[in-house]
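Comments concern the structure below.
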Amino acid sequence: ERLQILERTLKFKLDTNNVCFLPVFIEKLPHTPSFKFSGDVPKLLQCTGFDGQRYTEELIEQYQKDSQYNLYLHGIHIQTIEEYINRQSKKPNILTKYVLPNKVFEIVENSDIGFLGMKLKEDNCKYLYGASGQLLEFLRCGKPVISYGDNNVGKVLEKHKAGIEIKNIEELEQAVLRIKNEYDTYSRNAYSLFLKDFDSDKIISNLVNFLNN
């Protein structure tokens, strides 16, 4: 299906007998992740660029209700939603520490649950699972993920019990509590999913085998 999308985009017919789709991948952490819950109140993190397509405003609006979690935001272009944040009575925690791209895990490790939202409905964005760097950072740190949007991430998370897919933003708090109640299981499954699909050692080995053949 992704190949068909690529062909439509390029307006060119490709040789489908010799195609390798390479997912995003990265090295394991320099240490084994902690699968422990950080405290009484879950830390929910959105780690992204704030471009109006990530459900950030909806996330902040939902946070105004009697939420049983703390919301954290980290990423580029945070100033694009500063005015919206300033109008709210209950403000999320803005993480201003700058880290290099290969050190994003230092931010992610201090959270409990990741939030991945994508409003875009283009065909190419529906097959997001193998193409999301944000998802990869959460999983390699052993952080369960709550997925919101019209794509295939939630289905994979649910299948492996590495996170929860929500259909509307009002389901967010219950999803957080479900993960909290079985945190060790969700966390370990998230890391196992990273090792299965995104660990650089495995991906590079598979790629070398493909090229050799």
**Request:** Assess whether side chain to side chain contact (heavy atoms under 4.5 Å, CB included) is satisfied between Tyr186 and Ile164, documenting all intermediate values.
**Result:** CA-CA 9 Å; Tyr186 275 102; Ile164 294 175; 3.8 Å; yes
Item to check | Side-chain donor or acceptor of Asn93 paired with backbone N/O of Leu71 under 3.5 Å | outcome: yes
Only residue of Leu116, Leu135, Asn152, Ile146 satisfying side chain to side chain contact (heavy atoms under 4.5 Å, CB included) with Leu157 is Leu135
For this session: With the side chain counted from C-beta on, respond yes when Leu29 and Glu109 share a heavy-atom pair under 4.5 Å apart, and no when they do not.
Result: yes
Q.
So Thr96 and Ile78, do their side chains get closer than 4.5 Å, heavy atoms only?
A. no
N/O donor-acceptor pair under 3.5 Å between Gln64 side chain and Ile60 backbone
yes
**Request:** Report the C-alpha separation of Ile81 and Leu73 in whole Å, then their side-chain angles, then the decisive distance to 0.1 Å, and conclude whether the side chain to side chain contact (heavy atoms under 4.5 Å, CB included) test is met.
**Result:** CA-CA 11 Å; Ile81 58 167; Leu73 303 177; 4.0 Å; yes
I want to check something: taking the side chain as every heavy atom from C-beta on, are Thr9 and Ile5 in contact at a cut-off of under 4.5 Å?
yes
d(Asp199 CG, Ser192 OG) to nearest 0.5 Å is 11.5 Å
Sub-4.5 Å side-chain heavy-atom contact between His74 and Cys47 | yes
query: Is it the case that one hydrophobic cluster holds both Phe25 and Phe210, taking links as side-chain heavy atoms less than 4.5 Å apart, direct or via other members?
result: yes
**Prompt:** Do Phe12 and Leu3 share a hydrophobic cluster, counting only Ile, Leu, Val, Met, Phe, Trp and Tyr and linking them when any side-chain heavy atoms are less than 4.5 Å apart?
**Reply:** yes
Check the side chains of Glu171 and Asn168 for a donor-acceptor pair under 3.5 angstrom, ignoring hydrogens and angles. yes
Fill in: Salt-bridge criterion met for Arg87 and Glu83 (N-O under 4.0 Å)
yes
- Task: Answer yes if Val99 and Ile26 sit in the same cluster of Ile, Leu, Val, Met, Phe, Trp and Tyr residues linked by side chain heavy atoms under 4.5 Å apart, and no otherwise.
- Result: yes
Looking only at heavy atoms, the pair that brings Ser187 and Pro144 closest together is N-CG, 3.8 Å
Is it the case that over 12 heavy atoms from other parts of the model lie below 6.0 angstrom from the CD atom of Glu27?
no
Inset, instruction - Without swapping roles, check the side chain of Lys202 against the backbone of Leu195 for a donor-acceptor pair under 3.5 Å. - result: no
d(Gln68 CD, Glu173 CD) to nearest 0.5 Å is 5.0 Å
Which of Glu61, Lys119, Gln46 passes side chain to side chain donor-acceptor pair (under 3.5 Å) with Thr56? Answer is Gln46
Flag yes if more than 12 heavy atoms outside Asn209 fall under 6.0 Å of its CG atom; otherwise flag no. yes
Nearest heavy-atom approach of Phe105 to Glu137 is N-OE1, 3.9 Å
For Asn151 and Val153, the nearest pair of non-hydrogen atoms, with its separation, is OD1-N, 3.0 Å
Q) Any chance the rings of Phe138 and Phe115 have centres within less than 6.0 Å? A) no
Review point. Between Tyr129 and Asp197, do the side chains contain an N or O donor and an N or O acceptor separated by less than 3.5 Å?
Key: yes
### Query
Is the number of heavy atoms from other residues, nucleotides or ligands under 6.0 Å of Lys91 NZ greater than 12?
yes
inquiry  = If you apply the rule side chain to side chain contact (heavy atoms under 4.5 Å, CB included), what do you find for His160 with Lys196, and how did you get there?
reply    = CA-CA 11 Å; His160 295 275; Lys196 171 179 171 291; 4.1 Å; yes
Evaluate whether atom CD of Glu82 has more than 12 neighbouring non-hydrogen atoms of other residues, nucleotides or ligands under 6.0 angstrom away.
yes
SB check Asp201 Lys28 (cutoff 4.0 Å): yes
So, is the end of the Lys36 side chain (NZ or CZ) under 6.0 Å from the ring centre of Tyr183 and within 45° of the ring's axis? no
Closest non-hydrogen atoms of Tyr69 and Leu172, given as atom of the first, atom of the second and distance, are OH-CD2, 3.4 Å
Of Leu95, Ile113, Val145, Asn110, the one forming a side chain to side chain contact (heavy atoms under 4.5 Å, CB included) with Leu45 is Leu95
When rounded to the nearest 0.5 Å, the distance separating NZ of Lys167 from OG of Ser147 is 9.0 Å
Donor-acceptor contact present, side-chain Glu7 to main-chain Leu14, <3.5 Å:
yes
Within the distance-only criterion (no hydrogens, no angle test), does the side chain of Tyr63 pair as donor or acceptor with the backbone N or O of Pro92 below 3.5 angstrom? no
One should read off an interatomic distance between Lys121 NZ and Asp150 CG, to the nearest 0.5 angstrom, of 5.5 Å
Here the pair of heavy atoms bringing Cys141 nearest to Pro33 is O-CB, 3.5 Å
Next item on the list: Consider only side-chain heavy atoms of I, L, V, M, F, W and Y, link residues closer than 4.5 Å, and tell whether Val104 and Phe194 are in one cluster.
Entry: yes
Between Lys180 (side chain) and Val41 (backbone), is there a donor-acceptor pair under 3.5 Å? no
Should we count CD of Glu1 as having more than 12 external heavy atoms under 6.0 Å?
no
In this structure, CZ of Phe37 is separated from CD of Glu182 (nearest 0.5 Å) by 13.5 Å
In short, Tyr127 meets Asp123 closest at the heavy-atom pair CD1-O, 3.5 Å
Item checked: Residues Lys161 and Glu158 bridged, charged N to O under 4.0 Å -> no
Rounded to the nearest 0.5 Å, the CG atom of Asn206 sits from the CG atom of Leu211 at a distance of 11.0 Å
**Asked** Hey, is the main chain of Val108 close enough, under 3.5 Å, to the side chain of Ser111 for a donor-acceptor pair?
**Response** yes
| said: So does Ser38 get a backbone contact from the side chain of Asp112, meaning a donor-acceptor N/O pair under 3.5 Å? | reply: yes
Q. Is it true that Tyr84 and Leu44 fall in one hydrophobic cluster, defined by side-chain heavy atoms closer than 4.5 Å?
A. yes
Hey, can you tell me if Tyr191 and Phe35 have their rings parallel, tilted or perpendicular (30° and 60° cut-offs)? tilted
